Amino acid sequence: MATPTVSTFVGYVILQPIIVAMSTAVLSAFLSYEIAGQIDWRPITVCYTCDFLTVSVDHLKDQEVVIGALGVAAVKRFTPLFRLSRILLALNALLLVVALCQSPSEVTFITAAFTAPAFLWVTPLDLQWIDRVLKRFIRANHDQEVEYDSTRSKKPFVIKRVPGVKAILDGIIRSCMPLLVVHSALQLSWQSAHNAPPWTITETMIWSMVNRICHCIMADLRDYDEDKKTGVPTIPILLGCPLTRIVLTVVQTVVMMAFLHNLFIVGSSCLAIALVWILEKDSPKAHFRLSLHSQSIFIIIYAVMFVLL
C-alpha cells in the first residue's frame, strides 16, 4: 500500500465507504418500491449504515497498520483524521440503532447475520481448536496418537485469501441483505409483492448478485499489482487478467441474454462489459466506481423515467 496522505486517507476511509453504501441504499430503495410500491426510510438506513460501517472499519484498520508502521510522528499527524473517522462511525452506528429500534425484531437478526461475515473476511481466524477437536475424536475412536502438521495448524485463516470467496460473500451480502431487510421491515408476504413492471424480485436478485460479484473481481483487477506483491491469491492473479476479463464478459452476457425483456438490465450489463475491457489495472481507481454503480445508474434512470412518465 502506498504511503498515506491526508487526501488518500479521507478518500479511502470516508469517501469510498460512502460511495459503496450509496449503491446499497439505491438498491434497497428500489427494492422497497418493487416489493411494496413505497419507499421506506428504515431499510434504506439499515442497509446504508451497515455498508458504511463494514467498509470504513475495514479500511480504518488498514490505515492504522500502515500509519502505525511509519512512526510516532505520522500517527500524531493523522490523529485528527482517526478521530473524525471514529466520530462518523459512531454517528452511523447511532443511525443504525435508531432504524433497528423502529423496525421489527426480525430486521435486527437479519442485519446481524449478514453483517458479521463482512467484519470477518479480513480478520485472521485461529482454527487450532478444530485440530484439537479432530485429534481427540480420532484418539477416542482409534485409541492411537495422531500426528499432524502443527506449523500449519498455527497459521491463521483469512477468508479474503481464499480465491473468489470474498467476491461471492460480497455478492450475497449486498444483494440478499437489502431484500430480506426491506421485506422484514415492511412485513409483507411474498405473494403481495408489488412487482413493478418490467421487474421481478427474482431477476433483480440475480442481476444484483452477479453485478456485485463481478465488481468485486474488477476491484481485484484494479489491485492486481498490490495483491501480487502481498501474496493475496485473487481471481485475476490465478487466472491472469485476459482470462478474468473473458470470464466476466461471459457471465454478464448470460445475465443479459436471460433478461432481454428488461432493457435496464441489458443496459447495465452492456456498461459492465464495456468497463471490463476499458478499465486497466493502472487506470485511476476513481474510474472503477463506474463498475460499482453500473447497476445504480440504471435504477436511477428507471426512477427518473417513472417520475417523468
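In this text, all values refer to a predicted model and were calculated from it rather than measured experimentally. Here, residue 1 is the first one in the sequence, and each next residue gets the next number.
Grouping the Ile, Leu, Val, Met, Phe, Trp and Tyr side chains by contacts below 4.5 angstrom, directly or via other members, places Leu243 with Leu275. In the hydrophobic clustering of this structure, Leu89 groups with Leu84; members are Ile, Leu, Val, Met, Phe, Trp, Tyr whose side-chain heavy atoms approach within less than 4.5 Å, directly or through other members. Cluster annotation: Leu27 is connected to Ile168 through the hydrophobic network of ILVMFWY side chains, with a link wherever side-chain heavy atoms come within less than 4.5 Å. In the hydrophobic clustering of ILVMFWY residues, with side-chain heavy atoms under 4.5 Å counting as a link, Phe82 and Val57 come out together. Val20 and Ile44 fall into different hydrophobic clusters, where Ile, Leu, Val, Met, Phe, Trp and Tyr side chains are chained together by heavy-atom contacts under 4.5 Å.
Of the N and O atoms on the side chains of Gln295 and Ser23, not one donor lies less than 3.5 Å from an acceptor on the other residue. In summary, the side chains of Thr24 and Asp51 do present a donor paired with an acceptor at a separation below 3.5 Å, with no hydrogens or angles considered. Between His183 and Glu106, the side chains place no donor N or O within less than 3.5 Å of an acceptor N or O (distance only, hydrogens not considered).
Using a distance-only test at 3.5 Å, with no hydrogens or angles considered, no donor-acceptor pair links the side chain of Arg42 to the main chain of Ala99. The backbone N or O of Ile201 lies less than 3.5 Å from a partner atom in the side chain of Glu34, making a donor-acceptor pair. Judged by distance alone, with hydrogens and angles left aside, the side-chain atoms of Ser294 form no donor-acceptor pair with the main-chain N or O of Leu271 at under 3.5 Å. A side-chain donor-acceptor contact under 3.5 Å links Thr115 to the backbone of Thr111. For Ser56 (side chain) and Leu53 (main-chain N/O), no donor-acceptor pair under 3.5 Å exists by modelled atom type. Distance alone, capped at 3.5 Å, is enough to place a donor-acceptor pair between the Asn92 side chain and the Leu88 backbone. Between the Ser269 side chain and the Val266 main chain, no donor and acceptor come within less than 3.5 Å of each other. Judged by distance alone, the side chain of His215 and the main-chain N or O of Leu292 form a donor-acceptor pair under 3.5 Å. Between the side chain of Ser208 and the backbone N or O of Ser175, no donor-acceptor pair lies under 3.5 Å.
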Using the rule given for side-chain hydrogen bond (donor to acceptor under 3.5 Å, both in side chains), can you reason through Ser7 versus Thr5, listing the C-alpha separation, both sets of side-chain angles and the distance that settles it, and then say yes or no? CA-CA 5 Å; Ser7 60; Thr5 63; 3.1 Å; yes
Are Lys76 and Ile67 close enough, and set up right, to give a side-chain contact (heavy atoms from CB on, under 4.5 Å), and what steps lead you there? CA-CA 10 Å; Lys76 187 175 181 181; Ile67 294 171; over 6 Å; no
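Between Pro236 and Thr244, the closest heavy-atom pair is CA-OG1, 3.3 Å.
Counting only heavy atoms from C-beta outward, the side chains of Pro178 and Cys47 approach each other to under 4.5 Å. Side-chain contact between His261 and Glu203 is present, with at least one heavy-atom pair separated by less than 4.5 Å. Residues Tyr12 and Leu60 have side chains not in contact (no heavy-atom distance under 4.5 Å, counting atoms from C-beta outward). Side-chain contact between Cys50 and Met177 is present, with at least one heavy-atom pair separated by less than 4.5 Å. Contact of the Leu238 side chain with the Thr234 side chain is not registered, since no non-hydrogen atoms from C-beta on lie closer than 4.5 Å.
Between Phe264 and Trp207, the distance from one ring center to the other does not fall under 6.0 angstrom.
A 6.0 Å sphere centred on CE of Met22 holds no more than 12 heavy atoms belonging to other residues, nucleotides or ligands.
For the atom pair SG of Cys216 and CG of Leu169, the computed distance is 9.0 Å after rounding to the nearest 0.5 Å.
Ring geometry for Phe52 versus Tyr48: interplanar angle under 30°, hence parallel rather than tilted (30 to 60°). Aromatic ring orientation, Tyr33 versus Tyr302: tilted (interplanar angle from 30° to 60°).
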